[in-house]
Each structure stands twice: as C-alpha cells, then as structure tokens.
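Since this is a predicted model, take the numbers as computed values, not measurements. In this chain, numbering begins with 1 at the start of the sequence shown. Whatever order the structure lists them in is the order used to number ligands and atoms, beginning at 1. As a basis for the values below, the full set of heavy atoms in this structure was taken, side chains included, without hydrogen atoms, waters or symmetry mates.
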Amino acid sequence: MGEVLTVQGGRPVDGTVAVRGAKNFVSKAMVAALLGETPSVLRNVPEIRDVTVVTGLLGLHGVDVTQPDDGVLVMDPTDVESAHVADIDAHAGASRIPILFCGPLVHRLGEAFIPDLGGCRIGDRPINYHLDVLRQFGAVVDKREGGIRITAPDGLRGTRIDLPYPSVGATEQVLLTAVRAEGFTELRGAATEPEILDLVAVLQKMGAIIGVDTDRTIRVEGVERLRGYDHRALTDRIETASWACAALATRGQVFVRGATQPEMMTFLNVFRKVGGEFDVTDEGIRFRSPGSRLRPLALETDVHPGFMTDWQQPLVVALTQADGLSIVHETVYENRFGFTKALGGMGARIQVYRECLGSTPCRFGGAQFRHSAAISGPTALRGDDIVVPDLRGGFSYLVAALAATGVSRVQGIELIDRGYERFAEKLEALGADVDWTSTSSVPPARGRVPAHV
Ligand code: EPU
C-alpha cells in the first residue's frame, strides 16, 4: 500500500510555498554534465526522488556527485566508466531518464546499456523516436534481454532529422548526442519547451554551438570537447501551476516563491479565464481564487507554447468547482484521464470520451483512446480513500482531498515525491490538516540527496 497521507479537507489553502528547479530540466542538466571534461555546478536543485535516481545513475558511471550546499550539486565526470547492468536496472526504478544517457555515454565510452524504462503510466510511452534518432547518428541499437545496448563502431556523426512529433525527450536526445557528434546536425520539428531551452543554455555554457530557429528547427555544430557548466535551474512551472490549482479548487490563495511569469503565460491566461486572480512580483506569483464561483472553459493540451499536459490534472480538479460544463481535450498523451475515475467516487461529474472534443488536430482521433473529458460543475467533493495512479494524477488527488469535505486517505503518495519537493510540509505551511503515515517496513526514499554519493 505504500505511504498514506490523511487529509482533513474543506479548508482554503492560505500561505506561501517555495518552488525550486524544474524536475524536467534538472534531470537532463545532470545528464549533460557527463559530456564535460571538467566538473559542472547545478543550482536551485529540488530534493525530489528523480534527482536521487539520476545522482545514483551518474555515480554508477563514475561521476562524483557532491552537494556542498542546499540545492547545489557538483558533478565531476573526470573518471566516467561503464556501469554494471544489474546496478543500472536497480537504480533506474520507475524513471525514463536512462534513455538520455545514450549519446553522452557512447561519446565518452563507446557504448551504453539502457535498462527497460518505467515512468508514469499515462500512455504507451514508447522510445521509438529515441532509437530512430540514435540510429540516424550512426549508432547501432541492439535489443537484449532486460534492455538495449548502443554502440557506434564508426562514431556518432551529425545528421538531418525530422521528428514526426515535437517530442521533448527525443529533442533532448538529439541535443545531448549532436553537441559532440562529428559535423552538423539539423533537427526539424523540435520541441521548444522552456526546459529544453534551458538545456540549450547549459550546453552553450559547456562550449556547444546550437541555434534555435523560429520554425522548430534546431541546428547544432558538433565540437570535439566540452567543459563543465555553472547554471541555475529554471523554476518548476508544473509545480507552480499545481499550487495555483490548489488555490482555485479550495477558494484559497498561495504565493509561489520562485515562480516566474514567462514560462507561466499560457497557464496564467487560463487561470484568469476561469476567474482566478494573480499578482506577479520579483519574488514570485500570488495566485488567488475569486470570492465568487469559477467559470467553466474549453481547452486543449499541447506542446509549448500550448497548455501543458502536466497542468491538465490539477486544473481538472479545480474545474469541478466551476459553474457549468468544461471541456478538456488531451492531445499529448493518449491515456491521461484515468485519474478522473476516483474523482467520480468523490462526487465529481466527469465524463471521458474517445472523440476529439476540440479543434486541434490530434493523433488519437480515430483510435479508441479516451482522451477528452467533460467536467460538469460545481460539485461538492467528499473525502474518500484514493490510490495515487501517477505523479501528476497523484498531486491532483491531493488537491481534490483539500477541496473535499471530510477525511481522505491518499495511498501511494511516494509517487508524488518523484516530482514535488517536501509537499507534505508545504501543505502544512498552507494550513492544510495532513498526516503522513508509512505502512511499509522500508523507510521511503524522500528525495534527500546525501552530502556525498
Ligand atoms: N512519443 C513516442 N515515441 C517516443 C517518444 C515519445 O511516440 O519515442 C510520444 C509519447 O508517447 C507522447 C508524446 O510523444 O504521446 C510526447 O512525449 P514526449 O517525448 O514529449 O514526453 P517525454 O519526454 O517522455 C516529458 C516529461 C513529461 C511531460 C512530457 C510532455 C520528463 C522526464 N518528462 O516526457 O513529464 O509530460 O515531456 O511535456 O521530462 C511529468 O513530469 O509528470 C511528466 C510526465
């Protein structure tokens, strides 16, 4: 059953939380450190389990990772070496990050072994784009029992790539491979999420030559060597939006210290349309629920600069409190509405559909995936026993539990630890009545990075 958070709901959240570096950037910047010949310094690093996982994976490959100060990681890749397959497998756990080790490890060691990948169960989540990209650089992909071995007998060479979909991970795969490949790489159809642009900034500090055009084309001129970097991670825009939705759903207010406006613009527009109010300051963003009812709306998730798929789940919970019918069309993952079933048990009225309920062309249209949702509100939510399905769905259950009257027992909250730093402490700081109990005999990995790993 794992860890359980008991939430006594029905109270507005009220207070301040600090949000640090973006999970979906920090882990990639840590992988980039493998490419340098000198140590890298990453700042604003949150204490989340994904950081612990990547720290362990780097350690297995001979990278010395230390934490001289809170939120600061120093990664020394001087003695990169091959890791034992069983160790990689044991360390990777549910993470999908190991796939991004391919390019850097092949550059450094001539080969890489990647165990079968985990990650949140929000769709099929294949790695075909990653493997196609690596092959185009000249890598040989050998599928073996328990994982994949990648080699490049003739080295990795720059190439022209056209992605069938602007995949975040595949774009990062190209960047991390192209920077030290021989010659030029042109990537068309790239993802341009802020976390990717921050990775480009890191690679540029390391000595890479990368141009990002306005038409989703990225051009990389390979270089022979890269040095370490010193960089402060951009703020986690998913965590920021998650707390904003908690304010909306509970009719409360949250000041998110560290939140920055440019990465939040699309979310802020939606927040405003639903009826929320916000103030942007130099220190962060204050999100407030209106005194009156929320307004319903129709939206579609999309790649950047569209409305992020990871903002969808907590927003859906807030929309259960809106006055009328809201429609959400999920166009990034085919199976990201599974979490709504348990919300139904709490009193929400959410219907999921196979049809595209939106105008954006979507890859899931003719298929059998329930990827559109209609949310009727407002509905009073009641506390319930709920099991966390995945990271973002799990946080959205916490939001629902806060908004509900009565007690909720949210089970499996260790999944939320992957991407939300010290969330139980933050909930308490917002005045929530929560109690964390462990039902397993093994103490949970709480994301703390040891002083020396
Ligand atoms: N896809 C393929 N083949 C591939 C790769 C992706 O078909 O080889 C498909 C996926 O199945 C999905 C779509 O392309 O339908 C987009 O996937 P993408 O590659 O962009 O996602 P990702 O790199 O695996 C990252 C984040 C996700 C976030 C997405 C979209 C990390 C570690 N994960 O995943 O974050 O939802 O981009 O922005 O960066 C989360 O934080 O909870 C999370 C799931």
Side-chain angles (χ1 to χ4, degrees), residues 21-32 46 48-51 53-54 57 92-102 114 117-136 141 148 161 163-176 187 189-199 216 233-234 236-242 263 266-267 301-314 330-336 338-339 362-365 367 369 371 388-396 415-421:
K23 157 186 165 287
N24 291 346
F25 162 76
V26 164
S27 46
K28 325 301 171 57
M30 292 176 73
V31 178
I48 52 175
R49 201 146 41 84
D50 267 21
V51 168
V53 167
V54 185
L57 288 170
S95 172
R96 285 171 62 81
I97 296 297
I99 190 72
L100 293 176
F101 276 66
C102 291
I114 308 303
L117 299 175
C120 285
R121 292 184 303 273
I122 50 182
D124 218 15
R125 304 198 79 184
I127 53 168
N128 54 326
Y129 300 164
H130 293 258
L131 300 183
D132 287 350
V133 158
L134 287 163
R135 287 192 188 100
Q136 287 188 64
V141 176
I148 303 163
I161 298 166
L163 282 182
Y165 182 78
S167 150
V168 169
T171 301
E172 291 160 344
Q173 185 74 261
V174 172
L175 287 169
L176 291 166
L187 171 65
T192 56
E193 267 60 8
E195 293 75 19
I196 289 178
L197 299 185
D198 216 21
L199 181 63
R216 294 196 178 276
L234 84 169
D236 197 306
R237 64 195 170 115
I238 307 176
E239 186 179 350
T240 299
S242 302
E263 295 78 27
T266 306
F267 179 84
T301 64
D302 207 347
V303 294
H304 187 75
F307 189 88
M308 282 190 93
T309 170
D310 306 280
W311 290 334
Q312 179 258 99
Q313 295 89 334
E330 168 63 62
T331 76
V332 179
Y333 289 111
E334 70 275 24
N335 187 17
R336 218 172 189 181
F339 77 104
C362 161
R363 298 167 294 148
F364 316 130
F369 304 117
H371 69 290
V388 168
D390 59 67
L391 173 61
R392 306 298 167 194
F395 191 90
S396 75
L415 270 180
I416 302 175
D417 234 12
R418 269 192 57 207
Y420 290 89
E421 182 177 35

Testing the basics here: between [X] and [Y], what is the closest heavy-atom pair and its distance to 0.1 Å?
X: Gln173; Y: Val133; result: CG-CG1, 4.0 Å
X: Val26; Y: Gly21; result: CG2-C, 4.1 Å
X: Ala32; Y: Leu199; result: CB-CD1, 4.2 Å

For ligand 1, which atoms sit closer than 4.0 Å to a heavy atom of [X]?
X: Arg336; value: 36 (O), 42 (O), 44 (C)
X: Ile127; value: 8 (O)
X: Arg96; value: 24 (O)
X: Lys28; value: 31 (C), 32 (C), 39 (O)
X: His130; value: 8 (O)

What distance separates Arg418 CZ from Asp50 CG, expressed to the nearest 0.5 Å?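 Reported value, rounded in 0.5 Å steps: 4.5 Å.
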For ligand 1, is there an N or O atom under 3.5 Å from any N or O atom of [X]?
X: Arg392; value: yes
X: Pro126; value: yes
X: Ile97; value: no
X: Leu391; value: no

Is a donor on one side and an acceptor on the other found under 3.5 Å between the side chain of [X] and the backbone of [Y]?
X: Arg216; Y: Leu187; answer: no
X: Asp310; Y: Ile238; answer: no
X: Glu193; Y: Ile196; answer: no

Which residues pass the ring-ring contact (aromatic ring centres under 6.0 Å, His included) test with Phe267, sequence neighbours left out?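 ring-ring contact (aromatic ring centres under 6.0 Å, His included) check on Phe267 returns Phe271, Trp311.
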For Tyr420, the option from Arg392, Glu239, Arg49 that meets side chain to side chain donor-acceptor pair (under 3.5 Å):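 It is Arg392; the other options fail the test.
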Between [X] and ligand 1, which residue portion shows a heavy-atom distance shorter than 4.0 Å: side chain, backbone, both, or neither?
X: Glu195; value: neither
X: Lys23; value: side chain
X: Gln313; value: neither

Which option out of [options] puts a heavy atom nearest to [atom]?
atom: atom 23 (O) of ligand 1; options: Pro164, Gly169, Ser27; answer: Gly169
atom: atom 40 (C) of ligand 1; options: Ile99, Asp310, Thr309, Asn128; answer: Asp310
atom: atom 8 (O) of ligand 1; options: Tyr129, Phe25, Phe395; answer: Tyr129

Test salt bridge (Lys or Arg N to Asp or Glu O under 4.0 Å) applied to Glu263 - qualifying residues, sequence neighbours left out: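 Applying salt bridge (Lys or Arg N to Asp or Glu O under 4.0 Å) to Glu263 gives none.
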Yes or no: does Glu172 have any heavy atom under 4.0 Å from an atom of ligand 1?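 False for this residue.
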Applying a strict 4.0 Å limit to heavy atoms, is His304 in contact with ligand 1?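 Flag not set, His304 not near ligand 1.
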Using a strict 4.0 Å threshold on nitrogen-to-oxygen distance, state whether Lys28 and Glu172 make a salt bridge.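 Yes.
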